[in-house]
Amino acid sequence: MNQTKIKTNRFFRSIATLALSLVISLQSFSQEISVWQFRHVDQSNMQEFIERETKYWSKVAEAGVAKGNLNFWGLFVKQGGFNLPEAPNVLFINTFNDIDAVNMGELWDASAHFPNTPMEDMETQSMSTTIHMIFAQPGNWVEKEGASPDDDYNFVRFVFHNSSSPGELLALENEHWAPFIKAAIEAGHTTQLAWGNARILAPSQPNMEANTISYDVHPTMKSALLGGFSPDADVQFPDEGLSKIMELEISRRFNNVYRRIMVINADDPN
């Protein structure tokens with residue numbers, strides 16, 4: 001067999017291996033797609049903004065969940081930050097089982113649910129500016145057995161990762177971090193109550209500097225800021241797995257803590 005044929009065979013084997021890895025990576029994730037919308041709301045409008053969203057738009061989302069058009073609607077407000085007068089400080093997460101099957105105009109038609117309320121009394125677009133919008137694919141999720149999300153899931157630290165191989169990074173998180181944090185939560189070694197991750201599908205560009213997200217759910221601001229681990233607990237971190245994860249990260253992580261305002265979830269038994 002000549003050298004050209006050997007190299008050709010190696011090339012096609014490499015392509016086949018890459019394709020198989022991609023298929024495995026995609027199969028390990030759900031087919032849901034989440035729309036993350038980051039808005040800026042002036043502090044003078046924040047109270048009214050939250051009141052309208054929770055009074056009207058959460059009910060619209062609830063109806064969408066009941067019809068199967070929406071799996072998740074969440075409203076979160078950022079705690080602290082830089083460039084506060086202009087930076088995004090409100091986050092909406094909307095998750096769809098089939099984003100192409102949803103009529104967005106019909107889904108978000110608040111007048112169908114509140115026919116006697118003028119739109120100017122319900123709308124929040126005029127008091128907010130959309131700064132970023134990303135599409136993400138939800139991945140793994142672990143939580144404390146018996147936890148009450150409505151009572152206990154009060155703060156979330158969203159951590160953005162920039163990886164040379166996002167699929168591999170998520171697989172490593174699922175292999176090493178997910179079982180570790182689940183065991184630590186159940187053992188009471190941390191006050192953290194849940195953890196999850198997601199892959200950013202779009203946009204993808206050099207100044208984005210993120211292609212995966214992980215999120216740590218906490219009961220208090222202190223727990224979210226400090227990580228929740230007790231200094232007295234004998235915690236054995238998965239150092240080998242964490243080293244592999246860090247080797248894939250090509251820039252420093254960035255994160256923010258958000259307060260959970262309200263969530264509508266199709267998985268909620270209530």
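A quick note: this is a predicted structure, and the numbers were derived from the prediction, not measured.
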Look only at the side chain of K78 and the backbone of P88, and say whether a donor-acceptor pair between them is shorter than 3.5 Å. yes
R259 (side chain) donor-acceptor with Q79 (main chain) under 3.5 angstrom: no
Please find the pair of heavy atoms, one from H113 and one from A63, that lie closest to each other, and give the distance. CE1-CB, 3.3 Å
Where the side chain of D152 meets the backbone of S148, is there a donor-acceptor pair that is under 3.5 Å apart? yes
Determine whether the side chains of Q125 and S128 contain a donor N or O and an acceptor N or O closer than 3.5 Å. no
Is a side-chain donor or acceptor of E186 paired with a backbone partner of E145 at a separation under 3.5 angstrom? yes
Any heavy-atom pair between the side chains of W141 and W195 that's under 4.5 Å? no
Indicate if L193 and F155 have the same hydrophobic cluster label, given that clusters are the connected sets of ILVMFWY residues with side-chain heavy-atom separations under 4.5 angstrom. no
Pair D98, Q31 - check side-chain contact (heavy atoms from CB on, under 4.5 Å), show working. CA-CA 8 Å; D98 185 348; Q31 294 305 301; over 6 Å; no
Side-chain donor or acceptor of H189 paired with backbone N/O of D234 under 3.5 Å: no
If only atom types and distance count, is the side chain of E106 paired as donor or acceptor with the main-chain N or O of D109 below 3.5 Å? no
Can a donor-acceptor pair be found between the side chains of S163 and E249 at a distance below 3.5 Å? no
Nearest heavy-atom contact between A224 and R157 is O-NH2, 2.8 Å
May I ask you to check whether R260 and N154 show a side-chain donor-acceptor distance below 3.5 Å? no
Side-chain donor-acceptor pair present, E32, N97, cut-off under 3.5 Å: no
Is there a side-chain hydrogen bond (donor to acceptor under 3.5 Å, both in side chains) between E209 and N207 once you walk through the steps? CA-CA 5 Å; E209 295 188 351; N207 60 355; over 6 Å; no
Pick from I134, N256, T130: which one makes a side chain to side chain contact (heavy atoms under 4.5 Å, CB included) with F38? I134
N197 and N140: side chain donor to acceptor below 3.5 Å: no
Looking only at non-hydrogen atoms, find the nearest pair between P138 and T95 and report the distance. CG-CG2, 4.3 Å
Do N45 and Q43 pair up side chain to side chain, a donor and an acceptor below 3.5 Å, judged on atom types alone? no
So do W73 and I93 actually touch side chain to side chain, heavy atoms under 4.5 Å? no
Decide whether I181 and Y215 are clustered together by the hydrophobic rule: side chain heavy atoms of Ile, Leu, Val, Met, Phe, Trp, Tyr closer than 4.5 Å, transitively. no
Determine, using the 4.5 Å side-chain heavy-atom cutoff (strictly less than), whether M122 and M104 are members of one ILVMFWY cluster. yes
More than 12 heavy atoms of other residues, nucleotides or ligands under 6.0 Å from CE of M133: yes or no? no
Just wondering, more than 12 heavy atoms not from Q47 lying within 6.0 Å of its CD? no
Could you check whether any side-chain heavy atom of V159 comes within less than 4.5 Å of a side-chain heavy atom of D216, counting everything from C-beta outward? yes
Is R39 close to T124 at the side-chain level, that is, under 4.5 Å between some pair of heavy atoms? yes
Hydrophobic cluster membership, M246 vs L169, 4.5 Å side-chain cutoff: no
Please report the interatomic distance CG(L226) to OG1(T190), rounded to the nearest 0.5 Å. 10.5 Å
Evaluate N94 against F72 for side-chain contact (heavy atoms from CB on, under 4.5 Å), listing each step before the verdict. CA-CA 5 Å; N94 296 298; F72 181 94; over 6 Å; no
Rounded to the nearest 0.5 Å, what separates atom CE in M127 from atom OG in S44? 9.5 Å
Between the CG atom in N71 and the CD1 atom in I264, the distance rounded to the nearest 0.5 Å is 13.0 Å
R52 side chain reached by E123 side chain, heavy atoms, under 4.5 Å: yes
Group every Ile, Leu, Val, Met, Phe, Trp and Tyr by side-chain heavy-atom contacts under 4.5 Å, then state whether V257 and V156 land in the same group. no
Between CG of L172 and CG of L248, what distance do you get to the nearest 0.5 Å? 6.0 Å
Parallel, tilted or perpendicular, as decided by the 30° and 60° cut-offs, for the rings of F114 and Y56: perpendicular
Locate the shortest heavy-atom distance separating R199 from P166; write the atom from each residue and the value. NH2-CG, 3.6 Å
Does CD belonging to E120 count more than 12 external heavy atoms closer than 6.0 Å? yes
For the pair F76 and F158, name the ring-plane relationship: parallel under 30°, tilted 30 to 60°, perpendicular over 60°. perpendicular
Calculate, to the nearest 0.5 Å, the distance between atoms CZ and CG belonging to F96 and L70 respectively. 5.5 Å
Side-chain donor-acceptor pair present, H161, S214, cut-off under 3.5 Å: yes
Looking just at side-chain N and O atoms, do E143 and Y153 make a donor-acceptor pair shorter than 3.5 Å? yes
Between E173 and I245, does a side-chain contact (heavy atoms from CB on, under 4.5 Å) hold up when you go through it step by step? CA-CA 7 Å; E173 283 190 333; I245 291 171; 3.9 Å; yes
Going by the angle between their ring planes, with limits at 30° and 60°, are F160 and F254 parallel, tilted or perpendicular? parallel
CG of L170 to CD of E168: how many Å apart, nearest 0.5 Å? 10.5 Å
Where G64 and L107 come nearest, the two heavy atoms and their spacing: CA-CD1, 3.7 Å
Heavy-atom pair with the smallest gap, counting every atom of G228 and H218: N-CE1, 4.3 Å
Under 6.0 Å between ring centres: does that hold for F237 and F229? yes
Any chance you could lay out the side-chain hydrogen bond (donor to acceptor under 3.5 Å, both in side chains) test for E51 and T54, step after step, and finish with the verdict? CA-CA 5 Å; E51 182 176 338; T54 54; over 6 Å; no
Begin from the C-alpha positions of L75 and V90 and carry the test side-chain contact (heavy atoms from CB on, under 4.5 Å) through to its verdict. CA-CA 7 Å; L75 168 60; V90 167; 3.6 Å; yes
